[in-house]
Amino acid sequence: MSELELLPQLESPAQLGEYTDEQLLQLASEIREVLCTVVSDRTAHFASNLGVVELAIALHLVFDFERDRLIWDTGHQVYPHKLLTGRYAEFHTMRQRGGLMGYPNPNESDFDLFMTGHAGASVSSVLGLKVGDDLLGEDDRKAVAVIGDGALPSGIVFEAFNNAAGLGKDVLVILNDNEMGICPRVGGLASTLDKARTAPFYDGLKRDVQAFLNKVPVVGQPVENVLGGLKDAFKAFLHGGMLFEELGFRYIGPVDGHDLFALRRYLDMVKNVSGPVLLHVFTEKGHGFQPATQDPVKFHTPAPFQRSDDNEVIAVPSASAPSAPSAPAYTNVVSDAIHAAMQADPKVVVLTAAMCAGNKLDRVREDFPDRFFDTGICEAHAVAFAAGMAKAGLKPIAAIYSTFLQRSFDQIFQEVALQGLPVTFCLDRSGLCGPDGPTHHGVFDLSYLRPFPGMTVMAPGDSHDVEPMLDFALQHDGPVAIRYPKTAIETIERAPRRVTLGTSERIREGRDGVFLACGSLLANCVQAADRLAEEHGIDAGVINARFVKPLDTDMLQQVFAETGFVITVEENVLTAGFGSAVLEAAADAQLDTRRVQRCGLPDQFIELGDRGELLQLHGLDVDGLIEVARSRTTAPTALVDD
Ligand SMILES: Cc1ncc(C[n+]2csc(CCOP(=O)(O)OP(=O)(O)O)c2C)c(N)n1
């Protein structure tokens with residue numbers, strides 16, 4: 001990075017105006033160089049960022065985002081924007097604890113307005129900003145949302161389009177169309193956008209438009225006239241454009257998103273158009289780094305990789321990359337279990353909301369194409385869709401990350417739980433989600449699922465639990481959620497036991513107290529119990545709770561009758577989580593709740609960081625659990641010679 005000339009000097013996007021065209025192009029290549037260097041040594045979003053380098057520069061050239069409003073949607077493609085807004089010096093800290101977040105973060109910069117990581121809300125938020133600015137007498141402030149074609153189908157986007165057109169507000173939505181979500185985009189809207197891109201006249205049209213634009217002044221009424229004239233041509237030819245026109249937006253484009261100067265002209269032009277405008281920009285995911293353009297799925301968030309000096313040949317990420325865990329991940333074990341269930345029962349279907357790759361469902365998609373459904377980034381729809389399938393007699397598995405399932409809270413309530421329908425939710429990334437940070441930690445699901453009557457909530461403690469839990473769920477006549485984190489799955493030596501509704505599993509007896517472990521932290525509890533015995537003479541039992549709802553109340557009675565401390569351990573916020581369920585049940589049964597100590601995540605948004613680091617920080621690692629047990633043991637016998 002030492003040979004970079006411009007980026008290290010760029011403290012504010014206001015400086016861009018002083019750059020020559022040649023320097024702007026150089027800046028684009030410096031940004032790509034930094035992206036390649038920084039992202040190659042850690043897992044981070046990559047191909048999407050390479051694709052928006054010119055767009056980010058052009059936006060900061062044309063607008064003044066010290067005043068104007070900009071939201072990147074989803075937010076994972078915000079890296080060039082970060083580099084352009086004075087964060088080059090810290091860029092190497094990207095996605096490390098205490099460092100830059102891989103998403104917009106208002107705590108880092110005033111140029112980041114919202115902390116976003118969930119797709120689709122940008123148009124609504126930008127519309128709100130515009131209405132707010134107008135009402136507060138600051139109507140000179142422009143409002144811009146950049147949204148990917150993967151995020152576009154989220155229902156909320158269309159709610160916002162509808163509202164914006166109704167209000168006639170001056171909002172600019174830039175559709176960053178790279179033909180991809182994480183995987184190739186799906187659905188009817190995808191086909192519509194495909195048509196726009198494959199239109200044989202696109203190139204010619206582009207030339208015409210460019211010729212036109214070179215001749216017209218860039219602001220004011222004449223531009224409006226030109227646009228008015230062009231609109232019909234676009235409408236006639238570009239079906240994608242017609243859709244937005246029908247929704248009440250003025251559709252402009254498509255424009256080549258890697259032609260920095262064309263982008264600048266288009267943005268100059270649309271900047272002063274009144275009413276809601278959609279500018280359609282074609283970009284290439286991974287642009288400028290061939291391996292990423294060739295395999296944008298792998299390079300969406302690649303594991304660390306090496307490049308050669310000529311930027312061509314690389315050692316691509318592989319399973320043997322240093323960060324790859326040796327044990328299989330929960331995700332893989334669950335995906336194998338889903339595959340086995342689909343093989344065994346033709347009624348089993350699986351749904352993903354654009355996370356086929358993340359959920360490792362590729363093999364399921366290939367082997368059972370008729371029973372695999374990718375809804376796109378539409379979690380609310382996916383859940384109601386699953387409910388319909390369940391009503392019809394299928395056995396749907398909705399495989400949705402914990403954090404994204406929050407989008408479908410109401411569908412879980414009304415379409416699934418209220419109807420008592422047998423939908424199985426597989427909540428991957430439940431718990432701490434590591435370097436993605438607060439937008440992605442799945443630490444609320446126990447709390448948001450527990451209240452629904454009839455909902456069964458389970459958490460596998462180790463690899464032995466996964467398949468029996470899924471089998472149980474698929475036989476159960478009602479909704480079931482299975483939650484598990486993004487980490488390697490442990491296997492605790494024992495004879496696997498059947499999963500029956502509301503029953504826990506005792507892993508080890510203990511005289512002085514017991515750990516009630518919820519799912520992923522079972523192995524830490526077992527290790528803590530081992531060390532408590534060896535190092536401190538404390539005899540702690542361990543129970544694999546398995547069910548958070550219904551809770552094993554017989555087990556609770558026994559535990560309170562037999563032992564000293566009762567330490568609940570969960571990778572969820574303490575509020576309304578597993579420990580709360582234990583406390584509630586214990587209070588209802590008039591047990592001595594003073595013996596209960598809850599270990600879990602505090603009532604705050606958890607920062608980004610490695611999962612291990614965060615567990616340690618919040619006392620959920622083995623040492624932390626030992627400390628709690630010791631503090632709760634009345635007369636520990638020290639066996640070590642300290
Ligand atoms: C509500 C929600 N669901 C799922 C995701 C996971 N996710 C992150 S980026 C992404 C693909 C986004 O595609 P697109 O908007 O086209 O951006 P691109 O990466 O192609 O630039 C998905 C599915 C998310 N961030 N938010």
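We count ligands from 1, going down the list as the structure has it; atoms in each ligand are counted the same way. For the single chain, residues carry numbers from 1 onward in sequence order.
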Atom 8 (C) of ligand 1 sits nearest the protein heavy atom Ile182 CD1, 4.1 Å
- Task: Show the numbers, then the answer: is there a side chain to side chain donor-acceptor pair (under 3.5 Å) between Tyr401 and His440?
- Result: CA-CA 9 Å; Tyr401 288 10; His440 280 60; over 6 Å; no
In ligand 1, the atoms that come under 4.0 Å of a heavy atom of Arg407 are 1 (C)
Self-check item: Heavy atom of His300, distance to ligand 1 below 4.0 Å
Solution: yes
Does Lys271 qualify as a cation-pi partner of Phe63, given the criterion of NZ or CZ under 6.0 Å from the six-membered ring centre and within 45 degrees of its axis? yes
* Asked: Under the side chain to side chain donor-acceptor pair (under 3.5 Å) criterion, do Thr37 and Arg307 qualify, and how do the steps go?
  -> CA-CA 9 Å; Thr37 307; Arg307 331 176 256 157; 3.1 Å; yes
When every non-hydrogen atom of Val281 is compared with those of Gly257, the smallest separation belongs to CG1-CA, 3.4 Å
Note: ligand 1 atoms sitting under 4.0 Å from heavy atoms of Thr74 are 25 (N)
Under a 4.5 Å cut-off applied to non-hydrogen side-chain atoms, are Thr375 and Cys378 in contact?
yes
- Query: Do any N/O atoms on Ile377 end up under 3.5 angstrom from N/O atoms on ligand 1?
  - Reply: no
Check: Met180 N/O within less than 3.5 Å of ligand 1 N/O:
yes
Counting heavy atoms under 4.0 Å, the part of His76 that contacts ligand 1 is side chain
In ligand 1, the atoms that come under 4.0 Å of a heavy atom of Gly117 are 24 (C), 25 (N), 26 (N)
Counting from 1 in the order shown, the ligand 1 atoms closer than 4.0 Å to a non-hydrogen atom of Gly148 are 14 (P), 15 (O), 16 (O)
Value for CG (Leu608) from NE2 (His441), rounded to nearest 0.5 Å, stands at 7.0 Å
Point to revise | Polar atom proximity, Asn178 to ligand 1 (N or O, under 3.5 Å) | key: yes
Atoms of ligand 1 under 4.0 Å from any heavy atom of Ala119, numbered from 1 in the order shown, are 1 (C), 2 (C), 24 (C), 25 (N), 26 (N)
Q. Would you say ligand 1 has an N or O under 3.5 Å from any N or O of Ser48?
A. yes
In this structure, atom 13 (O) of ligand 1 is nearest to the protein heavy atom Gly181 CA, 3.3 Å
**Request:** Fit a plane to each ring of His60 and Phe65, take the angle between them on a 0 to 90° scale, and name the class: parallel (under 30°), tilted (30 to 60°) or perpendicular (over 60°).
**Result:** perpendicular
*Judging by distance only, is a nitrogen or oxygen of Asp149 under 3.5 angstrom from one on ligand 1?*
yes
**Request:** Kindly assign one of parallel, tilted or perpendicular to the pair Phe299 and Phe46, based on the angle between their ring planes and the thresholds 30° and 60°.
**Result:** tilted
Quick note on ligand 1: atoms under 4.0 Å from a heavy atom of Ala151 include exactly 14 (P), 15 (O)
Only residue of Thr283, Asp149, Val146 satisfying side-chain contact (heavy atoms from CB on, under 4.5 Å) with Leu175 is Asp149
Polar atom proximity, Lys285 to ligand 1 (N or O, under 3.5 Å) = yes
- Indicate the ring-plane relationship of His76 and His300, choosing parallel, tilted or perpendicular according to the 30° and 60° boundaries. tilted
| said: Would Ala353 count as a polar contact of ligand 1, with the cut-off being nitrogen or oxygen pairs under 3.5 Å? | reply: no
> Does the pair Asp610/Arg95 count as a salt bridge with the N-to-O cut at 4.0 Å?
Replying inline: no
>> So Glu108 and Lys82, do their side chains get closer than 4.5 Å, heavy atoms only?
In response: yes
If you compare Phe46, Phe404, Tyr103, Tyr401 by their heavy atoms, the one closest to atom 5 (C) of ligand 1 turns out to be Phe404
Quick note on ligand 1: atoms under 4.0 Å from a heavy atom of Met355 include exactly 6 (C), 23 (C)
I'd like to check whether Gly150 has a polar contact with ligand 1, where a contact means an N/O of the residue lying under 3.5 Å from an N/O of the ligand. yes
In this structure, CG of Leu267 is separated from NZ of Lys142 (nearest 0.5 Å) by 12.5 Å
Of Arg185, His45, Glu379, the one whose closest heavy atom lies nearest atom 3 (N) of ligand 1 is Glu379
Quick note on ligand 1: atoms under 4.0 Å from a heavy atom of Ala354 include exactly 23 (C)
